[in-house]
Number of protein chains: 2
Amino acid sequence: MSNDPPGFELPLRLFLGFRVLIDELHAELARQGHPHARPMHGFVLQAIGAEGTTAVDLGRTLGVSKQAAGKTIEALERLGYVERARDPRDTRRKIVRLTPSGTDVLARSARIFDELRGRWAAVIGDERLAELEADLRKVTPPDVFRLDVPGWFGA
Amino acid sequence: MSNDPPGFELPLRLFLGFRVLIDELHAELARQGHPHARPMHGFVLQAIGAEGTTAVDLGRTLGVSKQAAGKTIEALERLGYVERARDPRDTRRKIVRLTPSGTDVLARSARIFDELRGRWAAVIGDERLAELEADLRKVTPPDVFRLDVPGWFGA
DNA sequence: CTAAGATAGACAACGTCGTTGTCGTTAATA
DNA sequence: TATTAACGACAACGACGTTGTCTATCTTAG
């Protein structure tokens, strides 16, 4: 089909869509009192979850080394989004938990993403958006998010 | 609509789709004799184009500093994908041009992307893929690609 | 025509990121 | 009880993009 768009447009549009959503999310988060949140933070906070986790487990979940996970946790701790406490059952472990601020940014993110999705639905239609999501589900792995984006893209 | 998927799935799927395509591209590029090509290289080579460019212009095109563009050019030069020559009209300028190897990786990328697009079409259907692309075009800016991905995501 | 300003590219320093390697401490297992 | 495994902390490394500075060169105003 010579009328098909060139294949390189597809990845470009996918990334641009991702970037637009993330940028608008963080613009709105900044307005709502979270000006220091970064794109990766949301994914990390989501991966930590309500029950908490450890640096090693977080690294495994996100596909990076435990050291990298530890540094990310430190950064989130400085921002007040997580806190660490020793595990009484295993003195080696330090449980990382969301603070109220961390829970707040996660809740706001969910609400803002829903609103952004609504905006897309207003542009392309509810049904088409649902189809778009369903189609993407068919061609993407069920894998969780990998956090090695910087090195993956550039190195 | 409480039956809608949570809004955070959309950006996730978009990024996963991007990542899958890019990873498969580079797996195939590696098989075809370009094992050192990185995701960003394709975008940079594309931005350089057939006519060539300079570090300053490339930086402007990709939304990064001229120094960052210069470092990327150095890396591509080491890989043999571009070469630099002084501009006889303006001795300050150094024109960056694609080498045959750089042109080759670009041509192969185009072919591989087309093939990957065909694979997606086989899964979700030709029409649905065309709709997906058309819909994404409506919600994404016509902007060119910005190369500050590492810092944008993580910093 | 000359002098002031702007531009291109190179060099260095800095902070962030993920990586590997190492170490001391603590838990699990033989 | 002794060995192995796991957790977290520390340091060093290269990659990346950033700002700042410097020289060389082109452009433009007087």
Side-chain angles (χ1 to χ4, degrees), chain A residues 19 26 36-44 47-48 52-79 81-97 145-155, chain B residues 19 22 26 36-44 47-48 51-79 81-97 145-155:
Chain A
R19 179 145 189 170
H26 284 278
H36 296 108
R38 304 289 313 145
M40 57 164 302
H41 294 161
F43 295 96
V44 177
I48 292 174
T53 184
T54 67
V56 170
D57 274 342
L58 186 61
R60 271 198 268 268
T61 301
L62 297 174
V64 296
S65 65
K66 62 178 182 177
Q67 290 88 341
K71 289 185 185 180
T72 302
I73 290 170
E74 276 180 49
L76 290 172
E77 200 174 24
R78 274 195 299 274
L79 290 171
Y81 289 144
V82 304
E83 59 192 359
R84 275 183 289 191
R86 297 224 84 99
D87 184 342
R89 298 231 233 277
D90 185 338
T91 324
R92 294 172 308 178
R93 290 159 52 101
K94 276 190 173 176
I95 309 289
V96 183
R97 267 183 244 285
F145 197 78
R146 302 203 65 235
L147 203 63
D148 58 348
V149 177
W152 166 74
F153 189 73
Chain B
R19 179 146 188 168
I22 297 295
H26 284 278
H36 297 107
R38 302 291 311 148
M40 56 165 301
H41 294 162
F43 295 98
V44 177
I48 292 173
E51 312 89 25
T53 182
T54 67
V56 171
D57 274 343
L58 186 61
R60 270 199 268 271
T61 301
L62 297 175
V64 297
S65 67
K66 62 177 182 176
Q67 290 88 341
K71 289 186 186 182
T72 302
I73 291 170
E74 275 180 50
L76 290 173
E77 202 175 21
R78 274 194 300 274
L79 290 173
Y81 289 143
V82 304
E83 58 192 359
R84 275 184 289 191
R86 298 222 85 100
D87 184 342
R89 299 231 231 275
D90 185 339
T91 324
R92 295 171 307 178
R93 291 159 51 101
K94 277 191 174 176
I95 309 289
V96 182
R97 268 184 243 286
F145 197 78
R146 302 203 64 236
L147 204 62
D148 59 349
V149 176
W152 166 75
F153 190 73

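Nothing here was measured: the structure is a model prediction, and the numbers come from that model.
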**OP:** Give me the residues of residues 63-71 of chain A where at least one heavy atom lies under 4.0 Å from an atom of DNA chain C, by number, or none.
**Re:** V64(A), S65(A), Q67(A), A68(A), K71(A)
Original post:
Reckon R146(A) touches a base, only the sugar-phosphate, or nothing at all at heavy-atom distances under 4.0 Å?
Top reply: nothing
Subject >> Phosphate OP1/OP2 of dG18(C) contacted by T72(A) side-chain N/O (<4.0 Å) >> reply: yes
Subject >> Of E74(B) and A75(A), the one whose closest DNA chain C nucleotide lies more 5' >> reply: E74(B)
**OP:** Measure from the side-chain heavy atoms of R84(A) and tell me the nearest of dA9(D), dG9(C), dG18(C).
**Re:** dA9(D)
Original post:
Once you round it to whole Å, what is the distance between P of dG17(D) and CZ of R38(B)?
Top reply: 12 Å
Original post:
Could R19(B) and W152(A) be counted as a cation-pi pair, given that NZ or CZ must be under 6.0 Å from the ring centre and within 45° of the axis?
Top reply: yes
Original post:
Is T54(A) close to I95(A) at the side-chain level, that is, under 4.5 Å between some pair of heavy atoms?
Top reply: yes
**OP:** To the nearest 0.5 Å, tell me how far R78(B) CZ sits from H36(B) NE2.
**Re:** 12.0 Å
Original post:
Which listed nucleotide (dA9(D), dA27(C), dG9(C)) is nearest to the side chain of D90(A)?
Top reply: dA27(C)
Original post:
Roughly, in whole Å, what's the span from NZ in K94(B) to C1' in dT25(D)?
Top reply: 14 Å
Original post:
Quick one: are I48(B) and V82(B) in side-chain contact, heavy atoms under 4.5 Å?
Top reply: yes
Original post:
What residues, two or more places apart in sequence or in another chain, satisfy salt bridge (Lys or Arg N to Asp or Glu O under 4.0 Å) together with R97(A)?
Top reply: none
Protein-nucleotides 3-5 of chain D N/O pairs closer than 3.5 Å?
none

**OP:** Would you mind reading off the distance between W152(A) atom CH2 and dT19(C) atom C1', rounded to a whole angstrom?
**Re:** 18 Å
**OP:** With heavy atoms under 4.0 Å as the rule, sort D148(B) into base, sugar-phosphate or nothing.
**Re:** nothing
Subject >> Whichever of P88(B) and V149(B) has its nearest DNA chain D nucleotide further upstream toward 5' >> reply: V149(B)
**OP:** Check DNA chain D against residues 55-62 of chain A and give the residues with a non-hydrogen atom under 4.0 Å, in numerical order.
**Re:** A55(A), V56(A), R60(A)
Original post:
Reckon R86(B) touches a base, only the sugar-phosphate, or nothing at all at heavy-atom distances under 4.0 Å?
Top reply: nothing
Subject >> Residues which pass salt bridge (Lys or Arg N to Asp or Glu O under 4.0 Å) with D87(A), listed by chain and number, not counting sequence neighbours >> reply: R93(A)
**OP:** Return the value, rounded to whole Å, for the distance between atom CD of E77(A) and atom P of dA9(D).
**Re:** 9 Å
Original post:
Separation of R93(A) atom CZ from dA9(D) atom C1', in whole Å?
Top reply: 17 Å
Original post:
Between A47(A) and L62(A), which heavy-atom pair has the shortest distance, and what is it?
Top reply: CB-CD2, 3.8 Å
Original post:
Rounding to a whole Å, what distance do you find between F153(A):CZ and dG17(D):P?
Top reply: 9 Å
Using atom types as modelled, flag every donor-acceptor pair under 3.5 Å from a side chain in residues 64-77 of chain B to any protein atom, sequence neighbours excluded.
from	atom 1	to	atom 2	distance (Å)
S65(B)	OG	A68(B)	N	3.1
T72(B)	OG1	A68(B)	O	3.1
E77(B)	OE1	R84(B)	NE	3.3
E77(B)	OE1	R84(B)	NH2	2.7

